[in-house]
There are 2 protein chains.
Amino acid sequence: MGDSVKEKIVMSTLKLISEKGYKSTTTRNIAEEAGVNEVTIFRCFGSKKDIVLYALKELELLKPVNERILDKCTWDLKEDLFMLAHEYHKNFTEEKAKIMIGLRSPEIFEEVKEYLIRIPKGFKEVLIKYFEKVYEKGLLNTDDFELLAFAFISLNFGFVLMNASYGNKLIGFSDREFVKKSIEIFVKAIEKSD
Amino acid sequence: MGDSVKEKIVMSTLKLISEKGYKSTTTRNIAEEAGVNEVTIFRCFGSKKDIVLYALKELELLKPVNERILDKCTWDLKEDLFMLAHEYHKNFTEEKAKIMIGLRSPEIFEEVKEYLIRIPKGFKEVLIKYFEKVYEKGLLNTDDFELLAFAFISLNFGFVLMNASYGNKLIGFSDREFVKKSIEIFVKAIEKSD
DNA sequence: TATGTATGCAAGCAATTACTTGCATACATA
DNA sequence: TATGTATGCAAGTAATTGCTTGCATACATA
């Protein structure tokens with residue numbers, strides 16, 4: 001089975017599932033979206049569920065934010081957090097399909113949980129490392145790194161999700177605007193002032 | 001058709017849908033959970049979708065946080081926001097079924113969106129009113145009320161959702177702890193210091 | 001008592017859906 | 001040329017699912 005076919009099927013599956021949920025995504029849908037015959041799907045993967053499991057387990061598709069991002073830091077709190085938040089939003093967009101599987105597909109969630117959790121976990125660890133470093137540099141007024149990391153993630157995750165669900169019916173400003181201003185608040189709270 | 005039967009069906013439907021999503025919740029499931037015959041469901045509501053629509057439209061079931069909550073305020077920022085956050089978490093738990101419909105049931109989301117949006121919208125408006133008042137009292141260092149409201153909601157929404165999905169596999173502290181500490185950060189950022 | 005109303009129960013129907021099988025075909029490589 | 005491999009296509013199967021029908025029964029009210 002050609003790799004490009006396999007890839008088309010996987011990508012179509014992730015796309016459709018993230019939009020419609022696992023149960024509502026039929027193998028016919030997937031075949032149509034991927035431009036292949038439905039039978040090909042079963043010849044490649046065996047079953048519908050195995051497509052998802054393959055996507056999350058076997059494929060190098062799960063890319064939590066990498067630690068190397070810390071190299072980009074300038075050790076100016078506002079600037080760095082701004083960059084990290086944008087990175088999170090970018091990552092969310094890229095990984096949206098997978099994140100949405102977590103929220104929209106309770107049928108398979110338990111089975112893929114351990115793989116999905118890597119995304120927020122990775123980001124959390126990067127943030128904690130960042131906060132540790134700025135703390136060492138004496139720029140932070142608190143050493144509760146885990147809490148800071150989590151508050152930061154929650155803030156952005158919550159916003160992105162609400163935005164995805166209700167968009168401008170609920171939210172009167174753009175992504176950029178929210179990130180900028182909420183970071184300013186965040187920094188004001190945690191920056192050491194002397 | 002008896003009202004108590006109707007209510008049992010509605011509550012069971014919301015419960016199951018919030019857990020398993022719309023599509024995966026069968027009318028047989030609902031009947032079993034409600035302890036009624038499957039036929040009764042169709043005699044009462046006509047169709048599966050109509051149960052959900054009834055729950056959200058006709059029933060006085062949708063209770064966004066009420067403005068009267070502002071009467072409970074002591075106009076001490078930390079204390080009030082603490083109370084409001086707890087109210088949000090309480091509200092989330094009560095309305096979880098409905099909030100989850102938004103996330104887990106893309107099949108019917110467009111149809112119920114306008115009803116579901118009342119929950120965050122209501123809370124947002126309450127928060128904006130609150131911030132306006134504390135601003136008038138000279139306790140706030142910013143007048144970007146909408147942003148503050150939204151940051152507050154995102155923070156709590158994000159946390160509650162991650163907690164619901166990954167629980168203690170990702171999060172090293174309790175609900176209470178998170179609320180307490182994150183509010184402290186929040187207040188530190190927005191409280192006028194003179 | 002008689003009648004209507006709400007419910008249960010057994011059976012079934014038509015559509016959908018995950019998955020299978022058998023066969024034809026294109027293409028690459030030995 | 002011959003053979004194997006990847007795919008398409010047509011047909012079908014068994015299970016599930018939303019929904020219907022016909023009938024029995026309990027219960028309340030006239």
Side-chain angles (χ1 to χ4, degrees), chain A residues 1-59 97 101 104-112, chain B residues 1-59 97 101 104-112:
Chain A
M1 20 216 94
D3 281 355
S4 82
V5 170
K6 231 171 165 172
E7 197 190 317
K8 270 194 291 179
I9 294 171
V10 169
M11 296 319 254
S12 305
T13 305
L14 289 181
K15 177 177 178 246
L16 291 174
I17 289 189
S18 74
E19 285 167 11
K20 319 201 300 174
Y22 178 77
K23 189 100 182 198
S24 291
T25 300
T26 70
T27 49
R28 299 213 214 308
N29 291 159
I30 296 170
E32 201 177 341
E33 173 83 25
V36 300
N37 194 280
E38 197 187 348
V39 188
T40 304
I41 293 175
F42 292 100
R43 281 199 273 244
C44 277
F45 295 97
S47 78
K48 179 179 160 184
K49 193 189 272 181
D50 281 329
I51 310 172
V52 183
L53 296 183
Y54 173 84
L56 298 180
K57 283 183 186 173
E58 317 279 331
L59 217 53
I101 288 173
R104 300 213 156 144
S105 305
E107 305 93 358
I108 51 168
F109 182 65
E110 282 306 316
E111 256 171 289
V112 298
Chain B
M1 23 214 94
D3 281 355
S4 81
V5 169
K6 233 174 164 169
E7 199 191 315
K8 269 192 294 181
I9 295 171
V10 168
M11 297 318 257
S12 304
T13 305
L14 290 180
K15 176 176 178 246
L16 291 174
I17 289 188
S18 74
E19 287 168 9
K20 318 202 298 176
Y22 178 76
K23 192 101 179 197
S24 291
T25 300
T26 71
T27 49
R28 304 226 206 299
N29 291 158
I30 298 171
E32 200 178 341
E33 173 82 26
V36 300
N37 193 279
E38 196 187 350
V39 189
T40 305
I41 292 175
F42 292 99
R43 281 198 274 244
C44 276
F45 294 97
S47 78
K48 177 178 161 184
K49 192 191 273 182
D50 281 328
I51 311 173
V52 184
L53 296 181
Y54 173 86
L56 298 180
K57 284 183 185 172
E58 317 279 330
L59 217 53
I101 289 174
R104 301 213 155 143
S105 305
E107 306 94 358
I108 52 169
F109 182 64
E110 282 307 315
E111 258 173 287
V112 298

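Throughout, protein chains are lettered first and strands after them, A, B, ... in sequence-line order, and every chain is numbered starting at 1.
- The CD1 atom of B:I41 sits 12 Å away from the P atom of D:dT20 (whole-angstrom rounding).
- The nearest heavy atom of DNA chain C to A:T25 and to B:R28 marks one nucleotide each, and the one closer to the 5' end goes with B:R28.
- The side chain of B:V39 lies closest to C:dC9 when the candidates are C:dA18, D:dG8, C:dC9.
- Following rounding to the nearest Å, B:N37 (CG) and D:dT20 (C1') show an atom-to-atom distance of 13 Å.
- Ranked by how close their nearest DNA chain D nucleotide is to the 5' end, A:E38 and B:T27 are led by A:E38.
- In the set C:dT7, C:dT17, C:dC9, C:dT7 carries the atom at the smallest distance from any side-chain atom of B:C44.
- At a threshold of 4.0 Å, the pair B:K20-A:E107 does not count as salt-bridged, since none of the basic side-chain nitrogens sits closer than that to a carboxylate oxygen.
- Residue B:N29 contributes atom CG, which lies 15 Å from atom C1' of D:dC19 at whole-angstrom precision.
- Partner assigned to C:dT7 is D:dA24, using Watson-Crick or G-U wobble distances below 3.5 angstrom.
- Comparing C:dC9, C:dA18, D:dT17 by their closest approach to the side chain of A:T26 singles out C:dA18.
- Rounded to a whole Å, the CD atom of A:E32 is 14 Å from the P atom of D:dG8.
- Both tests do not hold together for B:K23 against A:Y22: distance to the six-membered ring centre under 6.0 Å, angle to the ring axis within 45°.
- For the residue pair A:S47 / A:D50, a side-chain donor-acceptor distance below 3.5 Å is found, with atom types taken as modelled.
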Give the C-alpha distance, both sets of side-chain angles, the deciding distance and a yes or no for side-chain contact (heavy atoms from CB on, under 4.5 Å) between A:F45 and A:T13.
-> CA-CA 12 Å; A:F45 295 97; A:T13 305; over 6 Å; no

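- Nucleotide C:dA30: paired with D:dT1 (Watson-Crick or G-U wobble, both distances less than 3.5 Å).
- For B:K48 and D:dT20, the NZ to P distance is 14 Å, given to the nearest whole Å.
- In this entry C:dA15 has D:dT16 as its Watson-Crick or G-U wobble partner, both defining distances falling under 3.5 Å.
- B:S4 comes within 4.0 angstrom of no nucleic acid atom, judged by non-hydrogen atoms across all strands.
- Of all nucleotides listed (C:dC19, D:dT7, D:dC19), C:dC19 comes nearest to the side chain of A:F42.
- Among the protein residues, A:S24 comes within range of no part of the nucleic acid, since none of its heavy atoms lies under 4.0 Å from any strand.
- Between the C1' atom of C:dT16 and the CD atom of B:E107 lies a distance of 15 Å, rounded to the nearest Å.
- Remark: the backbone N or O of B:G21 is paired with a side-chain donor or acceptor of B:T25 at under 3.5 angstrom.
- Counting any heavy atom pair closer than 4.0 Å across all strands shown, A:V36 reaches sugar-phosphate atoms only and no base atom.
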Show your working on side-chain contact (heavy atoms from CB on, under 4.5 Å) between A:E111 and A:K49 and close with a plain yes or no.
-> CA-CA 10 Å; A:E111 256 171 289; A:K49 193 189 272 181; 2.9 Å; yes

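- Going from atom OH of A:Y22 over to atom C1' of C:dT17 covers 12 Å, rounded to whole Å.
- One atom, CD1 of B:I17, and another, C1' of D:dG18, lie 14 Å apart when rounded to the nearest Å.
- Looking at heavy-atom distances under 4.0 Å, A:K23 makes contact with sugar-phosphate atoms alone, never a base.
- Checked against C:dG8, C:dG22, C:dC19, the side chain of B:R43 finds its nearest nucleotide in C:dG8.
- The side chain of A:S47 lies closest to C:dC19, out of D:dT7, C:dC19, C:dT7.
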